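Because the structure is predicted, anything quoted here is derived from the model rather than measured.
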Amino acid sequence: MSSTGFRRALVATAVCSSLALSASACGSGDDDAGSGKTRITVNCEPPKSAKVDRSFFDQDTADFVKKNPDIDVVMHDAFPCQDPKTFDAKLAGGQMEDVFYTYFTDAKHVVNINQAADLTPYLKDLKSYDTIQKQLRDIYTVDGKVYGIPRTGYSMGLIYNRALFQKAGLDPDKPPTTWEEVRADAKKIAALGNGTVGYADYSAQNQGGWHFTAELYSQGGDVVSADGKTATVDTPQGHAVLQNLHDMRWTDNSMGSKQLLIINDVQQMMGSGKLGMYLSAPDNIPILVKEKGGNYKDLALAPMPGGQGTLIGGDGYMFNKKDTPAQIKAGLKWLDSMFLTPGDGFLGDYARAKKNNAPVGLPEPRLFTGAADAKDQEVKKANANVPVENYQAFLDGNQTLQMKIEPPNAQQIYSVLDGTVSAVLTKKDADIDQLLKDANEKIAGILARG
């Protein structure tokens with residue numbers, strides 16, 4: 001799953017734009033050599049409905065073209081950036097852009113079906129590559145070759161309501177660090193009454209399976225084995241996840257009676273001040289404020305309880321296998337300018353974001369390392385307009401967690417686990433052992449089919 005902030009859910013998987021001149025396909029392999037220019041098509045331009053973001057994106061691209069008059073950039077917009085229903089068809093039909101958006105979980109699949117250009121020989125042209133976090137670079141590295149460039153990354157944590165913590169007699173500066181503490185705190189918050197829920201979780205539209213995976217990682221477990229061939233949810237860690245949810249729901253009554261929730265339901269609860277805690281990435285926070293009625297001062301972020309691991313996700317760009325060397329070099333130069341310059345570009349111009357009342361100071365995305373990260377953080381801090389102290393626990397706690405990407409065949413697996421989680425939250429007598437056994441068998445079948 002992707003998190004829900006615009007930076008990651010931006011846009012794309014467009015049909016060919018009318019701006020694409022006479023090219024017969026989005027990714028044509030034609031670098032327009034006759035005009036002396038290299039033309040590249042790119043996707044994930046913000047839609048017209050996102051006026052501010054689109055204006056920034058277009059202006060930044062126009063500035064890039066002005067500085068690089070030998071390159072033409074043809075942008076395609078749509079929403080969301082990638083539609084899973086059409087993604088493979090675009091690749092197979094030769095309709096994908098020259099430089100195209102992908103989720104982290106797409107990387108190996110695109111390589112396996114032979115639709116990605118090998119970028120390894122051209123990395124010397126990407127000035128910022130070595131400054132990007134290695135664990136993110138590795139996601140797009142297959143058999144020692146590089147096939148994509150990360151753009152953003154996120155990790156899951158625990159959003160909590162400081163005001164409800166204080167009202168329940170809890171210290172808002174000491175969020176829970178174990179699932180036992182989450183359970184105890186949720187019970188105290190729910191005891192406030194008046195429809196207050198201590199902890200909420202998703203259990204529909206594959207989102208329950210997504211969160212089960214995050215919770216399993218937090219306990220040191222895995223959904224599949226390291227080689228991606230064996231299902232591993234029927235384990236003590238998997239049992240602990242479901243038992244904890246069952247006990248909060250049915251023994252403590254701290255999760256409320258309404259279940260089969262999805263992200264919008266939970267965000268609405270948190271924004272209205274009726275929810276103590278839920279799992280999310282940092283980009284949920286501005287949504288809670290701008291769309292759901294929340295207040296930045298009341299919203300804080302802690303690391304994943306359990307202390308073992310957290311689920312990470314994000315996105316990046318890959319290159320069409322038909323691209324010419326000139327197009328690959330031009331696309332890398334465009335990525336450097338747009339997304340990979342600390343404190344500048346579409347995602348890094350924090351002064352511009354602050355001026356336009358966009359949140360600055362959230363703990364993620366954090367793409368860079370070393371001096372590049374220091375510069376990016378310095379510029380972010382200088383322009384911060386949110387209470388950064390509310391997120392320090394998240395930053396500190398993440399230093400010791402194992403960062404783990406989503407499993408292969410994630411959406412199919414999440415669909416299976418959705419049923420597992422929803423059964424526990426809607427049936428008091430749910431048989432956890434049998435549910436895990438059944439889920440393990442179904443996931444094994446998915447893995448066997450590839």
Side-chain angles (χ1 to χ4, degrees), residues 5-14 17 19-20 26 32 37-82 97-102 125-129 131-132 148-153 283 286 314-319 327-362 364-368 372-373 375-380 382-383 385:
F6 184 76
R7 301 180 106 183
R8 265 182 300 284
L10 254 163
V11 279
T13 24
S17 165
L19 295 175
C26 291
D32 208 20
K37 293 186 176 184
T38 298
R39 185 177 70 234
I40 56 171
T41 55
V42 303
N43 64 13
C44 219
E45 178 190 22
K48 292 179 180 179
S49 58
K51 294 180 181 180
V52 173
D53 293 281
R54 188 181 179 98
S55 69
F56 290 166
F57 194 96
D58 291 355
Q59 183 59 57
D60 290 344
T61 299
D63 290 344
F64 169 79
V65 171
K66 186 176 181 179
K67 294 176 183 177
N68 298 274
D70 59 333
I71 299 174
D72 274 340
V73 181
V74 180
M75 298 176 291
H76 297 162
D77 74 342
F79 194 85
C81 275
Q82 178 191 313
E97 286 80 6
D98 300 315
V99 184
F100 59 95
Y101 174 99
T102 57
D125 295 306
L126 187 62
K127 296 180 295 182
S128 61
Y129 187 71
T131 72
I132 300 171
I149 308 299
R151 187 192 73 154
T152 66
D283 68 350
D315 57 46
Y317 277 90
M318 300 180 77
F319 287 63
Q327 287 178 307
I328 293 175
K329 291 179 180 180
L332 290 173
K333 187 177 286 189
W334 178 75
L335 290 177
D336 238 346
S337 174
M338 290 290 288
F339 307 117
L340 304 176
T341 302
D344 199 6
F346 179 63
L347 298 181
D349 190 339
Y350 301 120
R352 178 175 67 182
K354 180 180 181 181
K355 184 178 179 180
N356 285 272
N357 199 32
V360 178
L362 295 173
E364 289 180 338
R366 196 159 187 167
L367 189 65
F368 306 107
D373 177 65
K375 180 178 179 180
D376 192 62
Q377 295 304 309
E378 179 184 358
V379 178
K380 180 187 285 188
N383 291 281
N385 56 7

Pairwise distance [atom1]([X]) to [atom2]([Y]) - rounded to 0.5 angstrom:
{"X": "Lys380", "Y": "Asn385", "atom1": "NZ", "atom2": "CG", "result": "11.5 Å"}
{"X": "Arg151", "Y": "Tyr101", "atom1": "CZ", "atom2": "OH", "result": "5.5 Å"}
{"X": "Cys44", "Y": "Gln82", "atom1": "SG", "atom2": "CD", "result": "9.5 Å"}
{"X": "Lys66", "Y": "Gln59", "atom1": "NZ", "atom2": "CD", "result": "9.0 Å"}
{"X": "Thr152", "Y": "Asp315", "atom1": "OG1", "atom2": "CG", "result": "3.5 Å"}
{"X": "Asn68", "Y": "Asp63", "atom1": "CG", "atom2": "CG", "result": "11.0 Å"}

How about [X] and [Y]: do any of their side-chain heavy atoms sit closer than 4.5 Å?
{"X": "His76", "Y": "Glu45", "answer": "no"}
{"X": "Lys375", "Y": "Thr131", "answer": "no"}
{"X": "Leu362", "Y": "Glu364", "answer": "no"}

Sub-3.5 Å donor-acceptor pair from the side chain of [X] to the main-chain atoms of [Y], do we have one?
{"X": "Tyr350", "Y": "Asp376", "result": "no"}
{"X": "Thr61", "Y": "Asp58", "result": "no"}
{"X": "Arg54", "Y": "Pro46", "result": "yes"}

Test Val99 against every option in Asn43, Thr41, Ile149, Val42 by the side chain to side chain contact (heavy atoms under 4.5 Å, CB included) rule and name the one that passes.
-> Val42
Scan Ile328, Ile40, Val74 and name whichever one has a side chain to side chain contact (heavy atoms under 4.5 Å, CB included) with Asp98.
-> Ile40
Please report the C-alpha distance between Asp349 and Phe56 in whole Å, then the side-chain angles of each, then the deciding distance to 0.1 Å, and finally whether the side chain to side chain contact (heavy atoms under 4.5 Å, CB included) criterion is met.
-> CA-CA 10 Å; Asp349 190 339; Phe56 290 166; over 6 Å; no
Side-chain donor/acceptor pairs under 3.5 Å, residues 329-348, sequence neighbours excluded:
from, atom 1, to, atom 2, distance (Å)
Asp336, OD1, Ser128, OG, 2.6
Asp336, OD2, Lys127, N, 2.9
Thr341, OG1, Asp336, O, 2.8

What are the two closest non-hydrogen atoms of Pro359 and Pro286, and how far apart are they?
-> CG-CB, 3.6 Å
